[in-house]
Amino acid sequence: MMRTRPLKVALLGCGVVGSEVARIMTTHADDLAARIGAPVELAGVAVRRPSRVREGIDPALVTTDATALVKRGDIDVVVEVIGGIEPARTLITTAFEYGASVVSANKALLAQDGAALHAAAEEHGEDLYYEAAVAGAIPLIRPLRESLAGDKVNRVLGIVNGTTNFILDKMDSTGAGYQEALDEATALGYAEADPTADVEAFDAAAKAAILAGIAFHTRVRLDDVYREGMTEVTSADFASAREMGCTIKLLAICERAADGASVTARVHPAMIPLTHPLASVRGAYNAVFVESDAAGQLMFYGPGAGGAPTASAVLGDLVAVCRNRLSGSTGPGESAYAALPVSPMGDVVTRYHISLDVADKPGVLAQVATVFAEHGVSIDTVRQQGRLDGSGEASLVVVTHRASDASLTGTVEALRKLDTVRGVASIMRVEGE
C-alpha cells in the first residue's frame with residue numbers, strides 16, 4: 001500500500017542540473033511515487049539569484065537561505081547540486097544533523113572530504129549517495145560498490161570527462177590543433193568559459209579518487225591522484241599514435257599492484273591501441289573499463305555530463321534513498337577496510353613513447369640507446385627520420401617496454417644532457433594493452 005504523506009525533498013542549486021531534477025520530479029511525479037511507495041514533494045529550492053525565472057517551479061519554494069532550508073526538520077532528502085567545497089560541505093553535514101539523507105553530484109567535495117562526509121552520515125543514521133558525481137547518467141558507482149561487492153576489482157580505466165574527450169576526438173578525426181578544437185567545444189557548450197578544471201584534469205582527478213576509493217575499499221583523496229592535463233597534446237602526437245595503431249585519450253587509471261599490497265590513481269593523456277574498446281569512444285561521451293577477478297572485463301558507456309543525463313543519476317539515487325527512508329534502513333556507506341597505501345607516480349610501471357629532436361649524424365642512436373640501458377629501460381622500437389629543411393637535425397622516436405615512471409624520468413634527464421639531443425618534443429604513456 002502506498003503511503004499518502006509525501007517525502008519532502010530540498011533542492012540546493014537550480015542551475016543546469018538542478019532545474020532538470022525539479023522538472024523530472026514534477027513531470028514524472030506519479031511514476032516516482034509508484035516506484036518509491038510514497039509521493040515525493042519538492043519542499044524548497046535554495047538559489048543565489050531568486051529573481052531569475054525558473055519555469056515549472058513555484059516561486060514560493062525559492063529561497064536564498066539554504067541553511068534555514070536544511071534545518072527545517074521536516075526534510076527527508078537534501079539534493080545538493082551547487083558544487084564546490086563550501087558552503088556545500090557545511091550544508092550537507094547540517095542536513096545529516098537535522099535528520100535528512102543527502103544525494104550529491106559534488107565530485108570535488110567527495111574527493112577531498114568523502115571520508116568525513118561518510119562518517120557524518122553514519123553518525124546520524126542517514127544515507128549519502130552520489131552516483132552523479134563521476135560519470136553523469138552512466139551507472140557506475142552502484143555497480144562498483146554493490147554489484148561487484150563480492151568480487152575483487154584490479155583495475156579501473158576510463159574516460160571520465162566529456163569535454164576533453166570531445167577535444168581529443170576532434171584533433172584526431174579532423175587534424176585540428178588543440179586551440180581550434182577547444183574553441184569548437186566552447187561554441188557547442190561542451191567547454192566552460194574557463195576550461196581549466198577539464199583540460200588540466202582536475203575534474204577527472206576528483207572522479208579518479210572516488211572510483212579508486214570504492215573499487216579498492218581504500219580511502220583515496222584528491223591529493224593522492226597524479227594529475228597531468230592535455231593542453232600539450234599536439235597534432236604531431238596524434239600522427240605518431242596513428243603510426244603505432246593508436247589514438248590518444250585522457251584517461252583516469254586506478255590500479256591495484258600486482259602483489260595486492262598497494263594501489264595507484266592517476267589521470268593523464270595516453271596512447272591506447274585502436275583495438276581497445278575505449279579507443280572508439282567519440283565526442284563528449286564517457287566510458288569506464290573495469291577489470292575484476294571473477295567478472296572479468298566490463299565496460300560502462302554513455303553520456304557523462306549535461307543537465308538531463310546527470311539529473312537521471314540524481315533521480316536514481318533519490319529513489320533509492322527514499323525507499324531506504326520508508327523501510328527504516330540505510331544503504332551501503334563507506335567501505336575502506338582494506339586501507340591500502342597509495343603508491344606515488346614514480347612506482348607506476350607502463351610503456352612510454354618518447355619523441356626526441358637530435359643531431360642528424362652517425363652515433364646518435366647508439367648514445368641514446370646507451371642512456372636507456374644505463375637506467376634499466378628496455379627499448380621496444382626506434383624510428384629515426386632526417387629532416388629536409390637543412391637544419392642538420394632529425395626526429396627520433398623511441399617506444400619502450402614497461403618501465404617505472406621514476407626510471408623513465410631519470411632517463412629523460414640524462415638524455416637532455418647529451419650534446420646530440422636538441423630537445424625532448426614529447427613524452428606520452430602507452431596504456432590499454
Side-chain angles (χ1 to χ4, degrees), residues 107 110-111 114-115 118-119 122 128-131 133-135 138-160 204-226 249 251-268 270 272-273 275-278 281 286-302 304 313 316-317 320 330-351 402 404-405 429-433:
K107 53 190 169 286
L110 289 158
H118 274 292
E122 183 177 1
L128 173 62
Y129 277 52
Y130 43 90
E131 184 68 67
V134 171
I138 304 172
L140 183 59
I141 289 178
R142 193 172 288 115
L144 278 175
R145 72 177 184 179
E146 296 182 34
S147 303
L148 296 176
D151 206 344
K152 179 184 177 183
V153 176
N154 297 308
R155 194 175 197 225
V156 179
L157 172 75
I159 298 164
V160 295
K207 295 172 179 177
I210 296 170
L211 290 173
I214 296 171
F216 306 132
H217 305 279
T218 291
R219 287 178 178 170
V220 180
R221 300 180 74 250
L222 181 59
D223 292 345
D224 296 321
V225 181
Y226 172 82
K249 299 292 186 181
L251 298 178
I253 305 170
C254 311
E255 294 178 302
R256 189 190 299 269
D259 62 4
S262 64
V263 299
T264 58
R266 51 196 166 103
V267 175
H268 54 71
I272 59 172
T275 53
H276 193 281
L278 292 178
V281 178
N286 284 189
V288 177
F289 206 69
V290 177
E291 301 174 13
S292 67
D293 277 359
Q297 298 178 333
L298 306 170
M299 183 168 162
F300 301 83
Y301 170 83
D317 279 350
T330 55
E334 182 188 32
S335 176
Y337 72 89
L340 297 172
V342 183
S343 297
M345 186 63 186
D347 293 347
V348 170
V349 175
T350 189
R351 297 178 66 207
R402 291 175 65 82
S404 72
D405 189 82
R429 298 167 184 86
V430 183
E431 301 284 349
E433 295 182 285

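Just so it is clear, the values below take in all heavy atoms, side chains as well, and ignore hydrogens, waters and symmetry mates. What you see is a predicted model, and the numbers here were worked out from it, not measured in a lab.
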Checklist entry - Is atom CD of E291 surrounded by more than 12 heavy atoms (other residues, nucleotides or ligands) closer than 6.0 Å? => result yes

Checklist entry - Only one of V342, T264, L340 clears side-chain contact (heavy atoms from CB on, under 4.5 Å) with V220; which? => result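 Going through the options one by one, the only one that passes is V342.
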
So, do [X] and [Y] sit near enough that their side-chain heavy atoms are less than 4.5 Å apart?
| X | Y | answer |
| --- | --- | --- |
| Q297 | V290 | no |
| P143 | F300 | yes |
| I141 | I214 | yes |
| V288 | V160 | yes |
| L298 | F289 | no |

Next on the checklist: Looking at every heavy atom in both A294 and D151, which two are closest together, and how far apart are they?
Outcome noted: N-OD1, 2.9 Å

Checklist entry - Okay, side chain of R429, backbone of T350: is any donor-acceptor separation there less than 3.5 Å? => result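 No; judged by distance alone, with no hydrogens or angles, the pair does not exist.
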
Checklist outcome for this item: Interatomic distance, CG@L251 vs NE2@H276, rounded to 0.5 Å, equals 8.5 Å

Checklist entry - So, is the end of the R145 side chain (NZ or CZ) under 6.0 Å from the ring centre of Y130 and within 45° of the ring's axis? => result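 Yes, a cation-pi geometry.
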
Checklist entry - Are R266 and E255 ion-paired here, with the side-chain N under 4.0 Å from a carboxylate O? => result yes

Next on the checklist: Closer than 4.0 angstrom, basic N to acidic O: yes or no for E334 and R219?
Outcome noted: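 A salt bridge links E334 with R219.
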
